[in-house]
Asker: 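Dropping the structure in here first, questions after.
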Amino acid sequence: MKDSTADNKKKSPVEAATPTNFIKQMIDEDIKAKKNEGRVHTRFPPEPNGYLHIGHAKSICLNFGLAKDYNGLCNLRYDDTDPSKETMEYVEAIKEDVRWLGFDWEDREYYASDYFEQLFEYALQLIKAGKAYVDSLSAEEIREYRGTLTQPGKNSPYRERSIEENLDLFERMRAGEFKDGEHVLRAKIDMASPNMIMRDPTLYRIKHVSHYRTGSMWCIYPMYDFTHCLSDSIEGITHSICTLEFEINRELYDWVLDRLDAYHPQQIEFARLNLSYTVLSKRKLIRLVQEGHVSGWDDPRMPTISGIRRRGYTPEAIRNFCERIGVAKADSMVDMALLEYCLREDLNKRAPRVMGVLRPLKVVIENYPQDKEEELEAINNPEDPSMGTRKVPFARVLYIEQDDFMEDPPKKFFRLAPGREVRLRYAFFITCVDVVKDPDSGQAIELRCTYDPKTRGGDAPDGRKVKATLHWVSAKHAISAEVRLYDHLFVKDNPNEVENGKDFTDYINPKSLELLKNCKLEPSLASASPESRFQFERLGYFCVDSKDSKAEAVVFNRTVTLRDTWAKILKSQQKKD
RNA sequence: UGGGGCGUCGUCAAGCGGUAAGACACAGGAUUUUGGUUCCUGCAUUCGGAGGUUCGAAUCCUCCCGCCCCAGCCA
């Protein structure tokens, strides 16, 4: 019953609808209540101080996705208020990543730094309303005055300065009359608030640092809590979606907007993504890069968008993953296996199949004529007949995978072994008649086989069956390539959980990268362009490395293996022993 | 020991007072020229725990337990 009707049934609009979540429910209610005239306007607000990672992808998909679902808009806004950490390099990288993921902010590319003048005006307003003051305590003193989680703080001796004095001091802060740290502008709220955030939070600090966009225009910079809510307000954002750790900041978000009588967006918090076998905190990712545990932000083992892209992931797979994991408020750790499932699902449909031998074992077909060669027809993608076929050259000397031969095979191994017949995919049945071994190691270095010319294409006219089909490549025609095998960056499912005296870097997987130098690939791959993806049959999905691959020295990255039930059988058998 | 949040299958996650969706993972089986794909089948008498309200509770109330976040002039 596998007709198109059944397929259509499966993808009926109801079932294909993106899953609901608590944010959509809130928006639905807002729309019903005619809030914001039914408008939906979100924003993705990265700080350009690092590269985007898969956790950001969740936020990007959420924000842009909501805008799309509700016929609204989503802005790209850089939250660039700390000039000591932010650079143009990051701005560019972020744009490239968001675009690659498939989202478009059109002309709405904004920067908090563009609002500095307006923000300054707002600060003046706050001072005039008696809601902010210039504090001249040192950073350490401010910390002491703040109190603790269980004890209230105490008021700064500068808290009651006159409005005039505050105005004067704040203007002079801007004018550069003071050194870093000499004064700060603080909101006058409540030093005894049970919410630490509300104990007269700092609004502006002096930093004689050049900003990557505003240069030396400013020497005072607004803090996040002051900037973010007002930036949202200025842009007419309706729903300001952020992660859970900002939940306590919402009180301040609302406070600022209320004091200033500004348009008031709704902040909504959701749980950030955690993924098993990797880390997703900027601090940790930056360490991996700086300490050389990886080759850079775009190392294919990194959970960064650029790393994942270089690894060979598709934007479709990532978007699908973000949809499947859902949006909620409970802390969660998503299984990497789900991401890999989404990837395979996508690649299975679109990646052309090809044959490549990673660890070559020479095979000589004894009864195949010395100088003969022929071309066999291979299907490019059994999942998609429209992708057509190609010719693969066959000759007397071939390579097969070392793993596909065992001299003394265990029970369930049904690949090649002495005396056994198997199929070479799209080619012939071959039988192993002899094994040439290295005299020192005893390792098989060459297999002598015979082939059955009547099985050309892979079917025996007499109907006999073989239990295995192997991939192979003609020695004479093969191209050599470097292949990089990647595995989880960490051996621990949650590397954030560190045992006493250890560091998360202690859990880095020593085998996260395996370099294979002398792989043999079918000749059609010689012209593969950078970033193009293939399925190496029976092995996994691979892509041409975007940085290191050259026409004369091809480099492939293994994106992900195929599901491997044989490996599972081996593992469970090993466990039994 | 202050405040804010959160606890539904191994992992995500629906559920919104009418008797536990779905996905991944896992385990079987079928089909297969990829030990791939696809297709079947199984997988929470129970929702952190204990009471209570109700004809009826994962959903409402009370208490308890556990986990996360906050003491940056970071975001």
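In the text below, chain A, chain B and the rest are named by the order of the sequence lines, each starting its count at 1.
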Asker: Among B/G35, B/C24, B/A75, which nucleotide has an atom closest to any side-chain atom of A/Asp82?
Answerer: B/A75
Asker: Nearest to the side chain of A/Tyr341, heavy atoms from C-beta on, is which of B/C6, B/U34, B/A25?
Answerer: B/A25
Asker: Would one find a side-chain N or O of A/Arg425 under 4.0 angstrom from OP1 or OP2 of B/U32?
Answerer: no
Asker: Can you check B/G72 for me, syn or anti if syn means within 90° of 0?
Answerer: syn
Asker: Does A/Arg43 count as lying over the ring of A/Tyr110, i.e. NZ or CZ under 6.0 Å from the six-ring centre, within 45 degrees of the axis?
Answerer: no
Asker: Among A/Leu470, A/Leu424, A/Asp404, find the residue that satisfies the side chain to side chain contact (heavy atoms under 4.5 Å, CB included) test when tested with A/Leu416.
Answerer: A/Leu470
Asker: Please name the nucleotide paired to B/A44 by Watson-Crick or G-U wobble geometry with both distances under 3.5 Å, or report none.
Answerer: none
Asker: Any strand counts, and the cut-off is 3.5 Å on both contacts for Watson-Crick or G-U wobble. Which nucleotide pairs with B/G7?
Answerer: B/C65
Asker: Would you classify A/Arg344 as touching base, sugar-phosphate or nothing, given that sugar-phosphate means primed atoms plus P, OP1 and OP2, and contacts are heavy atoms under 4.0 Å?
Answerer: nothing
Asker: Regarding B/U37, can its base be found pairing with the side chain of A/Arg563 as donor and acceptor, where the two atoms are less than 3.5 Å apart?
Answerer: no
Asker: According to the interplanar angle, ranging from 0 to 90°, do the rings of A/Phe246 and A/Tyr224 count as parallel (below 30°), tilted (30 to 60°) or perpendicular (above 60°)?
Answerer: tilted
Asker: Indicate, with a heavy-atom threshold strictly under 4.0 Å, whether A/Lys568 touches base, sugar-phosphate, or nothing.
Answerer: sugar-phosphate
Asker: Which one is paired to B/G2, where only Watson-Crick or G-U wobble pairs with both distances under 3.5 angstrom count?
Answerer: B/C70
Asker: Counting Watson-Crick and G-U wobble pairs only, both distances under 3.5 Å, name the nucleotide matched with B/U54, or none.
Answerer: none
Asker: It should be established whether A/Arg538 places a side-chain nitrogen or oxygen under 4.0 Å from OP1 or OP2 of nucleotide B/G35.
Answerer: yes
Asker: Using heavy atoms to find the nearest nucleotide of RNA chain B for A/Lys467 and A/Ser332 separately, return the residue whose nucleotide is more 5′.
Answerer: A/Ser332
Asker: If B/A25 has a Watson-Crick or G-U wobble mate with both distances under 3.5 Å, name it; if not, just say none.
Answerer: none
Asker: For A/Lys391, look at atom NZ and say whether over 12 heavy atoms of other residues, nucleotides or ligands are found less than 6.0 Å away.
Answerer: yes
Asker: Does a side-chain N or O from A/Arg146 land closer than 4.0 Å to OP1 or OP2 of B/C73, or not?
Answerer: yes
Asker: Can you confirm whether the side chains of A/Tyr115 and A/Glu235 place a donor and an acceptor under 3.5 Å from each other?
Answerer: yes
Asker: When all nucleic acid strands are considered with a 4.0 Å heavy-atom cut-off, which category describes A/Arg199: base, sugar-phosphate, or nothing?
Answerer: nothing
Asker: Given the structure, check if the side chain of A/Glu383 and the base of B/G36 hold any donor-acceptor pair shorter than 3.5 Å.
Answerer: yes
Asker: Compare the minimum distances between each of B/C12, B/A27, B/G15 and the side chain of A/Ile325, then state the nucleotide with the smallest one.
Answerer: B/C12
Asker: Need one value for A/Thr20: base, sugar-phosphate or nothing, where a base atom within 4.0 Å counts as base even if backbone is also close, heavy atoms only.
Answerer: sugar-phosphate
Asker: Is the distance from OP1 or OP2 of B/C74 to the nearest side-chain N or O of A/Thr81 less than 4.0 Å?
Answerer: no
Asker: Side chain of A/Gln25, base of B/C16: donor and acceptor closer than 3.5 Å?
Answerer: yes
Asker: So which nucleotide from B/C70, B/G5, B/G36 ends up closest to the side chain of A/Leu149?
Answerer: B/C70
Asker: Just to confirm, is there a sub-4.0 Å distance from OP1 or OP2 of B/C74 to any side-chain nitrogen or oxygen of A/Tyr224?
Answerer: no
Asker: OP1 or OP2 of B/G36 versus the side-chain N and O atoms of A/Thr565: is any pair under 4.0 Å?
Answerer: yes
Asker: Kindly indicate whether the side chain of A/Arg143 and the base of B/G72 share any N or O donor-acceptor pair separated by less than 3.5 Å?
Answerer: no
Asker: Quick one about A/Ser156 and A/Arg186 (side-chain donor to acceptor, distance below 3.5 Å, no hydrogens or angles considered), yes or no?
Answerer: no
Asker: Quick one: look up who B/U32 pairs with, Watson-Crick or G-U, both distances under 3.5 Å, and put none if it's unpaired.
Answerer: none
Asker: Looking at every strand, decide which applies to A/Leu470 at a 4.0 Å heavy-atom threshold: base, sugar-phosphate, or nothing.
Answerer: nothing
